[in-house]
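Both counts, for ligands and for their atoms, begin at 1 and track the order of listing. These figures come from a predicted structure and were not determined experimentally. Counting from 1, the numbers follow the sequence of the chain as shown.
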Amino acid sequence: MPVAKPESSDSRVIAHVDMDCFYVQVEQRKQPQLRGLPTAVVQYNEWKGGALIAVSYEARKFGVKRSMRGEEAKEVCPQIQLVQVPVARGKADLSGYRNAGSEVVSILARRGRCERASIDEVYLDLTDAAEMMLADNPPQGMETIDEEALKSHILGLNNEDRSDVKENVRKWIHRHNADHRDKLLACGILLVAELRMQVLKETEFTCSAGIAHNKMLAKLASGMNKPAQQTVVPFSSVKGLLDTLPIRKMKQLGGKLGISLQMDMGVNTVGDLLQFPEEKLQERYGINTGTWLWNIARGISGEEVEGRLLPKSHGSGKTFPGPRALKTVPAVQHWLNQLCEELSERLCSDLDQNKRIAHTLTLHARAYKSSDSDSQKKFPSKSCPLRYGTAKIQEDAFNLFQAGLREYIGFYVGKTQGSHCSGWGITSLSVSASKIVPIPSGTCSIAKYFHGQSTSHFSSMQLSDNLNTEATLSLPSGSECYSEVNLSEPKIDFPKEESWIKDTVPDLDLQEQKDLSSTLSEKTQDGFTQEDISPLLLSGCLEQNRSKQQRDLTKDESQFKSEYKERKGKRLKDKGTYSIIELFKSYNPNPSGSFLSHEYYRTVGGTDASSSSYSRDEEEGRREAWGYNIDEIDPSVMEELPPEIQDEIKAWMQPHKRRPNNMVKRSCTISHYFSPSKKS
Ligand code: DCP
């Protein structure tokens, strides 16, 4: 049956699904004896019991918060179970959590377009499925409504008589006189409840969800009732929700922009924004941001759910705070090698499982100079074409670091090498691989492709007298071959940047996202963006290793071959086998038909409806744990904004770089992000 396309964003059904205390659930699945107990996951660094990064709802009842260290948590909750994040190569190993997130994504993606927004959250566009349900089997006529759906929280629903909340939900779903938008949301309620139950059955994880007409509202709603519950925002309740919502609770407004709205404009709630005409907001914050603020005050957001299940980049990073700062080049190289090894491993897995290749390697660092008045100067992020194989990535990353350091300290790095303290310190290092695209169709010989890649620096030099000559890599189909060397420069047709690289960095941890965000916005030393840069331009940075590369070519390729084979044979999934039925029987003393009855949560550690993932304390804790610079807008949030808005906010946050006239000039593209109905 043909499915009617939604005419405006009001008639879309969008869900935001967020796992509950995710890392804790992953650890509890590994160790089922921890289920139902107050539990927290701590960073591998054991100082004062390690920093808490995930706290179970049972532990939250005792006042345990993410901002605490293990020892503090033990003070408020002596029986707390602290589980350490797995460690590999001297740093946190998040692969188990990433893989667990992927399991969930593969289930959620069954009913509609699915966008993996971070390690534990997903957006779904369920519009087509809802329209289909409405046409085939509308909820209004259903005799029985699933128990889990009846436990939904519907904003604006009069629940004065608390004894019959489920009955009210049933009536709301059954309304025959509801408008089309509410009928679609009723379908959304059933679809999401079913998906959440499926996730529970197949993975043993609980999640919470928000269901609304756009991403912004769905995201807001998903944190309102946790854990294992879902919240719905009918169109008629949007104004009521936003009117009283503190401005800083909007995830995009937790940083400087939110502070400015409060301090400069006297805006304390999202509803307060309604008093300002769009022009006024544009005048103050630029055209794009002004329009965006005008829209969010009205609950309008036309941002699409991208069909993206895989991360758009991979990153590996580590911080070295305080006395742990790296002060010598060999120390940096040691850690870079560890990070590159992890990155290479993930690239191989991505290649093996998803047939995708990454094209750009970027190095990010944070540094300080002990004797410099220009202490504001940032360590420049550097990028180059990515060559596969651990040794190559390590080598390139080290070269990028040296190039960055030269620029940062202003004189030749050689002077600072050795074990002496050189007057600088590195407090954070990360490497990331981006521009990840599927291997072009017809490219059956992966190895051949990488032979082409691995020699790209040489080939680009050979091509230097004819810069317009870009050899096309045409690979014959056939079995993998590791022995041939193809000296041509690979040519890949990238999908349009906007359509491929979304505004989020889903599979990076918060620190990695922050670093990547800053790199993507920075230009290189030569004034080229990383999109502009060609292997030839990097020859200065890489030249010193050219002869070594030539010598090592054969060795590197066989190394890549064995790494690739090794990865291929490795099973990544680590799914628990504990029966879900057994699990919930053993923890639910009064099991009802539903896996997650309210009784379960009351008995083994539920939370009241006021607990929310938007709690300020938790936000602060997260920033602390990840070394956030409070002066910067939360990048994990900013990256979810349309790129134009990101640019504008970045410009706004850096007054010295701000050019208001420019902002006005390049702002005319914003309108397509928002519903055309906004002016009505
Ligand atoms: N995380 C982390 N370091 C932080 C914050 C979070 O490593 N400073 C990790 C652990 C979390 C996961 O990210 O389990 C997801 O973070 P959320 O903010 O979604 O929080 P939780 O899933 O832990 O809890 P909630 O149920 O409140 O969403």
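- Counting atoms of ligand 1 from 1 in the listed order, those under 4.0 Å from a heavy atom of Lys226 are 25 (P), 26 (O), 28 (O).
- Note: an N/O pair closer than 3.5 Å links Cys21 and ligand 1 by distance alone.
- Contacts between Glu121 and ligand 1, counted as non-hydrogen atom pairs separated by less than 4.0 Å, are absent for every part of the residue.
- A 4.5 Å side-chain heavy-atom check between His16 and Lys215 finds every atom pair outside the cut-off.
- Listed by chain and residue number, Glu194 satisfy the salt bridge (Lys or Arg N to Asp or Glu O under 4.0 Å) test with Arg111 (two or more places apart in sequence, or in another chain).
- Between the side chains of Asp18 and Ser208, no donor-acceptor pair is found at a separation under 3.5 Å.
- Counting the atoms of ligand 1 from 1 in the order shown, those under 4.0 Å from a heavy atom of Met19 are 22 (O), 26 (O), 28 (O).
- The shortest N/O to N/O separation between Phe22 and ligand 1 falls below 3.5 Å.
- Across all their heavy atoms, Met19 and Lys226 have their closest contact at O-NZ, 3.0 Å.
- Remark: Asp243 engages Lys239 in a salt bridge (Lys or Arg N to Asp or Glu O under 4.0 Å) (not counting sequence neighbours).
- For ligand 1, the atoms closer than 4.0 angstrom to any heavy atom of Asp120 are 15 (C), 19 (O), 22 (O).
- When the options Arg29, Arg98, Arg116 are evaluated for a salt bridge (Lys or Arg N to Asp or Glu O under 4.0 Å) with Glu103, the one that passes is Arg29.
- Contact check on Glu345 versus Arg89 returns a salt bridge, with a Lys/Arg side-chain nitrogen under 4.0 Å from an Asp/Glu carboxylate oxygen.
- Ligand 1 has a nitrogen or oxygen under 3.5 angstrom from a nitrogen or oxygen of Tyr23.
- Contacts of Asp18 with ligand 1, taken as heavy-atom pairs under 4.0 Å, involve the side chain alone.
- With a heavy-atom cut-off of 4.0 Å, Arg60 touches ligand 1 through its side chain alone.
- For the residue pair Cys207 and Val17, the shortest heavy atom distance occurs at SG-CG1, 3.6 Å.
- Numbered from 1 in the order shown, with element, the atoms of ligand 1 that lie under 4.0 Å from a heavy atom of Tyr57 read 25 (P), 26 (O), 27 (O).
- At a 4.0 Å heavy-atom cut-off, ligand 1 touches Ile53 through backbone and side chain alike.
- Distances shorter than 4.0 angstrom do not occur between any heavy atom of Tyr97 and any atom of ligand 1.
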